[in-house]
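Right, one structure below, let's go through it.
Lettering of chains follows the sequences in order, A, B, ..., and the numbering in each one begins at 1. Note that the coordinates shown come from a computational prediction; the quantities given were computed from them, not determined experimentally.
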Number of protein chains: 2
Amino acid sequence: MSMPESTLETALRPQRDAQRTRTAILAAAQDAFSTRGYTDTGVREITAAAGVNPALVSRYFGSKERLYEAALSELLDTKQVIGLPRESFGMAVVDLLTDSQRSRRNPLPMMMLASADPTARAITDRLLKELFLEPLAHWYGQERGEGKATCFAALASGLTLYRELYPLNAFGVQMSAETRAWLVAAFQSLID
Amino acid sequence: MSMPESTLETALRPQRDAQRTRTAILAAAQDAFSTRGYTDTGVREITAAAGVNPALVSRYFGSKERLYEAALSELLDTKQVIGLPRESFGMAVVDLLTDSQRSRRNPLPMMMLASADPTARAITDRLLKELFLEPLAHWYGQERGEGKATCFAALASGLTLYRELYPLNAFGVQMSAETRAWLVAAFQSLID
DNA sequence: ATGCTATGTAAACCACCGTTTACTTAGAGG
DNA sequence: CCTCTAAGTAAACGGTGGTTTACATAGCAT
């Protein structure tokens with residue numbers, strides 16, 4: 001964590017580095033879980049993308065479930081939402097959610113694609129509450145913060161679902177001004 | 001379809017009835033796919049609930065995927081939404097989506113729990129557009145109907161996701177008046 | 001240099017699942 | 001009554017996937 005990257009050190013890098021291997025597996029898992037989903041991605045695919053042996057998932061994370069837990073934990077973060085200005089909150093949120101750059105390592109598709117598996121869903125449920133809904137509810141304010149955070153999550157999830165997973169035209173790259181305006185107003189009305 | 005049910009006919013009913021068996025499998029599949037999801041329910045569970053042999057899924061539906069297609073097709077229906085009064089549309093939709101009676105055989109959880117499987121998602125995508133979004137867009141009106149229908153689906157899916165699959169307090173049985181009001185206003189604003 | 005330990009690998013294990021095959025049997029038609 | 005077809009069943013097949021086990025080796029410490 002204190003080591004900077006450089007081509008010189010890359011050359012001198014030891015072939016065996018537990019931390020680096022663990023990080024590589026975690027990053028590959030985040031990519032795969034966000035795009036193909038928890039159930040549909042096997043540990044063999046993840047470790048192949050990381051360039052290591054499948055058995056290392058058990059060694060470094062204990063199980064595929066715990067790997068999913070670590071992968072989602074690192075991505076679930078309210079800072080991007082909480083840092084937004086309240087007066088133009090709706091627009092900022094829609095901009096954030098429709099930013100085409102942030103398609104990979106996105107916790108929202110990751111969560112929804114994991115909903116089918118019972119144990120992954122239980123993990124998602126716990127982390128979503130602890131790491132996202134509770135901080136967001138506190139940010140909204142002590143008055144009805146929980147309800148507002150839940151409405152936020154519902155609309156954000158629905159938008160992501162039909163934008164990333166079921167690519168619908170109306171939520172695609174050429175979203176109409178009216179559609180965007182409705183989304184902006186809906187998110188903004190959670191503040192006012 | 002013209003045969004009424006009676007205890008007398010039940011007694012005289014032949015032990016082998018292809019139509020009845022097919023219907024029993026379909027009903028069991030709708031129950032299971034709506035609650036546990038496409039990936040997590042095996043054909044053995046479905047046929048066990050229907051009281052028949054697993055091989056009959058292949059006989060009557062061709063494959064598990066086609067069974068899913070038949071199960072979802074029968075449930076996807078815009079009539080419940082399209083029949084609603086436009087002036088109180090928001091309230092009627094929220095009442096419909098938060099009706100605790102309609103938990104089983106619900107196409108929305110069924111769709112979301114199937115999103116993880118690639119082929120099931122492709123089927124869902126097609127049926128959603130053909131049987132729901134296009135009729136709903138037409139009902140909304142030729143002006144921006146597609147965008148409105150997509151927003152409707154997004155909010156309805158988000159609400160169902162955090163009400164049925166991840167039971168969150170704010171969307172549960174004791175939903176606050178403010179939360180409900182926000183949902184009602186959001187749905188209603190798609191009409192006005 | 002030489003053990004020793006952490007790191008990594010290959011291969012097997014074991015359970016599950018969708019589907020197919022071979023076989024049995026109920027029940028209508030002659 | 002007999003036969004033939006549709007309906008149903010039992011069991012196996014082939015593939016997959018997470019995990020474990022046994023083994024190899026890189027790299028640090030002595």
To the nearest Å, give me how far apart CG (A/Leu56) and C1' (D/dT21) are.
-> 14 Å
Within less than 4.0 Å of OP1 or OP2 of C/dG8, is there a side-chain N or O belonging to A/Thr21?
-> yes
Starting at OH of A/Tyr38 and ending at C1' of D/dG17, how long is that distance when rounded to a whole Å?
-> 11 Å
Among the candidates D/dG8, D/dT19, D/dT9, find the nucleotide nearest to the side-chain atoms of A/Lys64.
-> D/dT19
Between the protein and nucleotides 21-25 of chain C, which nitrogen or oxygen pairs are less than 3.5 angstrom apart?
residue, atom, partner, partner atom, Å
C/dT25, O2, B/Arg16, NH1, 2.6
C/dT25, O2, B/Arg16, NH2, 3.3

Within the distance-only criterion (no hydrogens, no angle test), does the side chain of B/Arg36 pair as donor or acceptor with the backbone N or O of B/Thr41 below 3.5 angstrom?
-> no
Between P of C/dA11 and CZ of A/Arg44, the distance in whole Å = 13 Å
If you look at every strand shown and take non-hydrogen atoms under 4.0 Å, does A/Thr39 touch a base, only sugar-phosphate, or nothing?
-> nothing
Given atom CG of A/Asn53 and atom P of C/dA12, what is their separation to the nearest angstrom?
-> 14 Å
Contact class for A/Thr47 (heavy atom, under 4.0 Å): base, sugar-phosphate, or nothing?
-> nothing
How is B/Phe61 classified with respect to the nucleic acid when contacts are heavy atoms under 4.0 Å: base, sugar-phosphate, or nothing?
-> nothing
D/dA7 P sits how many Å from B/Ile25 CD1, rounded?
-> 12 Å
B/Arg105 to B/Ala27 - nearest heavy-atom pair and separation = NH2-CB, 3.3 Å
What class does the angle between the rings of A/Phe187 and A/Phe89 fall in, given that below 30° is parallel, 30 to 60° is tilted and above 60° is perpendicular?
-> perpendicular
N-O pairing of A/Arg121 and A/Asp125 below 4.0 Å = no
A/Leu67 atom CG is separated from D/dG17 atom C1', nearest whole Å, by 15 Å
Is it true that a side-chain atom of A/Ser189 and a backbone atom of A/Ala186 form a donor plus acceptor pair closer than 3.5 Å?
-> yes
Side-chain N,O (A/Ser63) to OP1/OP2 (D/dG18) below 4.0 Å | no
Starting at atom OH of B/Tyr68, determine the distance to atom P of C/dT19, rounded to an integer number of angstrom.
-> 15 Å
Are B/Arg126 and B/Glu69 within salt-bridge range, i.e. N to O under 4.0 Å?
-> yes
With ring centroids as reference points, do B/Tyr38 and B/Tyr68 lie under 6.0 angstrom apart?
-> yes
Rounding to a whole Å, what distance do you find between A/Tyr60:OH and C/dG8:C1'?
-> 8 Å
Checking all strands, does A/Val57 fall into the base, sugar-phosphate, or nothing category for heavy-atom contacts under 4.0 angstrom?
-> nothing
Taking N and O atoms by type only, does the side chain of B/Asp17 place a donor or acceptor under 3.5 Å from a partner on the base of D/dA7?
-> no
Given C/dT19, D/dA7, D/dG18, which nucleotide is nearest the side-chain atoms of B/Pro54?
-> C/dT19
